[in-house]
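Working notes for the structure below.
Computation of the quantities below employed the complete heavy-atom set of this structure, encompassing side-chain atoms and omitting hydrogens, waters and symmetry-equivalent molecules. Numbers here simply count residues along the sequence, with the first being 1.
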Amino acid sequence: MLKRVVITGIGGICGLGNDVPAMWDAMRSGRSAIGPIDNPSLHDLKVKVGSEIKELPDHGIDRKQVVSMDRFSLLAVIAAREAMRQSGLTAHADNTYRMGAVVGIGVAGFETIEENYRAILIEGRNRAAIFTVPKVMPGAAAGQVSMNLGLRGPVFGVTSACSSANHAIASAVDQIRLGRADVMVAGGTEAPLVWGVLKGWEALRVLSPDTCRPFSADRQGLSLGEGAGMAVLESYDHAVARGATILAEIAGAGLSADASDIVAPTVEGPEAAMRFCLVDAGLNPEDVDYLNAHGTGTKANDQIETAAIKRVFGGHAGALSVSSTKSMHAHCLGASGGLEMIACVMAIRDGIVPPTANFREPDPECDLDVTPNVARERKVRVALSNSFAFGGTNAVLAFKAI
């Protein structure tokens with residue numbers, strides 16, 4: 001029998017707030033953090049809208065470590081420290097090799113890359129900054145989290161575009177199920193609000209000129225954001241033995257690939273991931289109360305996700321509470337699943353379904369209960385979180401009350 005895996009701490013930072021209480025308060029209130037990006041280097045972009053962290057908190061991380069980190073790693077460490085504080089765990093000689101970290105990232109180190117390009121190509125410097133390589137590598141966030149928290153067990157990075165955080169959490173669950181660790185810190189991080197990344201997304205013609213309106217008939221595309229969402233995972237027996245407060249159980253994970261197109265999603269891939277997740281969790285479709293949708297706000301994604309949900313849940317689809325919190329924290333790419341994990345856990349804890357903000361017009365092709373604009377009280381025993389990515393990689397997690 002597989003080991004049960006539970007969550008005993010969560011931490012986050014994004015445009016909605018610098019910790020989980022602030023973020024959850026904003027989500028419950030339906031407040032969107034999407035707006036003009038305050039960055040003078042974004043001089044010739046057509047779309048300068050996103051969800052940015054206006055000011056970092058006083059994080060207390062040693063300056064010697066900070067100078068070796070790109071922003072995406074710093075956000076991950078801030079979120080991981082909050083999660084560890086809530087869990088009540090600390091690494092010491094007896095447990096350090098039984099504690100690890102897996103951190104997902106979509107596009108790594110672009111703040112550092114652009115700083116070096118400017119220095120060399122515009123300012124005429126003859127060398128790159130000394131920490132360039134360790135700052136930009138995709139596994140840097142996981143390494144920095146492990147060093148800051150003293151974790152010497154399985155530590156690695158995961159990169160699968162917008163599914164990265166859910167893949168990271170699923171991978172961390174596997175480490176515990178396989179007996180390689182008792183505790184894993186897992187989630188995702190991203191800092192994409194830099195010129196080169198935004199210029200690339202602009203070329204795809206999927207960025208909304210004003211805000212993100214998932215499932216609304218007048219939606220015009222997605223908005224990008226920065227942030228990190230992390231969780232402390234433990235085996236159920238380990239958590240109970242130390243008397244930990246258990247926030248929720250990660251009941252299952254479902255992974256699939258479209259194997260079709262690098263950017264255009266299919267119905268079948270997301271459908272398979274949701275079905276696999278329910279099987280892994282030992283759940284029936286009617287057991288699910290809330291589904292945190294991938295819900296990017298593009299025409300194709302929202303319609304295809306709706307169709308996939310209907311195939312999986314059948315007659316229960318109409319009874320599901322569905323919402324896209326990307327309407328508030330924006331699409332944070334590799335961090336999105338981590339932030340949406342927080343929304344699912346808090347929905348279970350508080351009996352509140354966060355809304356799909358900015359909703360204006362029903363779309364007959366997206367005819368689910370998308371919780372428009374206003375949070376709803378509902379007992380949430382089981383919540384699913386969908387993450388689908390360019391490359392056709394799909395990852396779905398199931399969270400359960402305990």
Worksheet item: Counting distance only, does the side-chain N/O of Glu226 pair as donor-acceptor with the main-chain N or O of Ile53 below 3.5 Å?
Response: yes

Worksheet item: Tell me, do Leu320 and Val288 make a side-chain contact under 4.5 Å, heavy atoms counted?
Response: yes

Worksheet item: Judged by atom type as modelled, is there a donor-acceptor pair below 3.5 Å linking the side chain of Glu234 to the main-chain atoms of Val5?
Response: no

Worksheet item: Is the shortest side-chain N to carboxylate O distance from Arg4 to Glu249 below 4.0 Å?
Response: yes

Worksheet item: Less than 4.0 Å between a side-chain N and a carboxylate O, is that true for Asp287 and Lys400?
Response: no

Discussion item. For a quick test of reading the model, state the closest non-hydrogen atom pair linking Thr189 to Ile105 and the distance between them.
Written reply: O-CD1, 3.1 Å

Worksheet item: Does the pair Lys199/Glu202 count as a salt bridge with the N-to-O cut at 4.0 Å?
Response: yes

Discussion item. Looking at Tyr97, I want to see if its OH is surrounded by more than 12 non-hydrogen atoms of other residues, nucleotides or ligands under 6.0 Å.
Written reply: no

Fill in: Whether Glu52 side chain and Asp38 backbone form a donor-acceptor pair below 3.5 Å
yes

Response to the item:
The residue among Val102, Leu255, Asn394, Leu397 that forms side-chain contact (heavy atoms from CB on, under 4.5 Å) with His167 is Leu255

Worksheet entry | Sidechain N-carboxylate O distance under 4.0 Å for Lys3, Asp237 | no

Worksheet item: Between the main-chain N or O of His294 and the side-chain N or O of Lys326, is there a donor-acceptor pair closer than 3.5 Å?
Response: yes

Fill in: SB check Glu361 Arg219 (cutoff 4.0 Å)
no

Worksheet item: Do Phe390 and Trp201 have ring centroids that are under 6.0 Å from one another?
Response: yes

Practice prompt. Could you tell me whether a side-chain N or O of Ser216 sits under 3.5 Å from a main-chain N or O of Arg213, the two making a donor and an acceptor?
Written response: no

Discussion item. Looking at Arg71 and Glu111, is any side-chain nitrogen of the basic one under 4.0 Å from a carboxylate oxygen of the acidic one?
Written reply: no

Item to complete: Count the heavy atoms of every other residue, nucleotide or ligand shown that sit under 6.0 Å from NZ of Lys379, and state whether that count exceeds 12.
Response: no

Worksheet item: Would you find more than 12 non-hydrogen atoms of other residues, nucleotides or ligands less than 6.0 Å from Asp62 atom CG?
Response: yes

Fill in: Enclosure of Leu121 CG (heavy-atom neighbours >12, cutoff 6.0 Å)
yes

Worksheet item: Is Asn95 reaching over with its side chain to a backbone N or O of Thr90, donor-acceptor style, under 3.5 angstrom?
Response: yes

Discussion item. Test your reading of the model: is there a side-chain donor-acceptor pair from Asp289 to the backbone of Arg381, 3.5 Å cut-off?
Written reply: yes

Worksheet entry | Residues Ser385 and Asn292: side-chain donor-acceptor under 3.5 angstrom | no

Discussion item. Please check: side-chain N/O of Glu305 versus main-chain N/O of Gly295, any donor-acceptor pairing under 3.5 Å?
Written reply: yes

Worksheet entry | Asp363/Lys299 salt bridge by N-O under 4.0 Å criterion | no

Worksheet item: What closest approach, in Å, do Ala244 and Thr8 show between heavy atoms, and which atom pair accounts for it?
Response: CB-CG2, 4.0 Å

Item to complete: May I ask you to decide if Ala129's main-chain N or O and Asn116's side chain share a donor-acceptor pair within less than 3.5 Å?
Response: yes

Could you tabulate the donor-acceptor pairs under 3.5 Å formed by side-chain atoms of residues 172-179, not counting sequence neighbours?
from: Arg177; atom 1: NH1; to: Asp280; atom 2: OD1; distance (Å): 3.4
from: Arg177; atom 1: NH1; to: Asp280; atom 2: OD2; distance (Å): 3.3
from: Arg177; atom 1: NH2; to: Asp280; atom 2: OD2; distance (Å): 3.3

Worksheet item: Does Asp182 come within less than 4.0 Å of Arg98, counting only side-chain N to carboxylate O?
Response: yes

Discussion item. Which residue is it: Ile7, Val6, Ile402, Ile348? I am looking for the one with a side-chain contact (heavy atoms from CB on, under 4.5 Å) to Leu247.
Written reply: Ile7

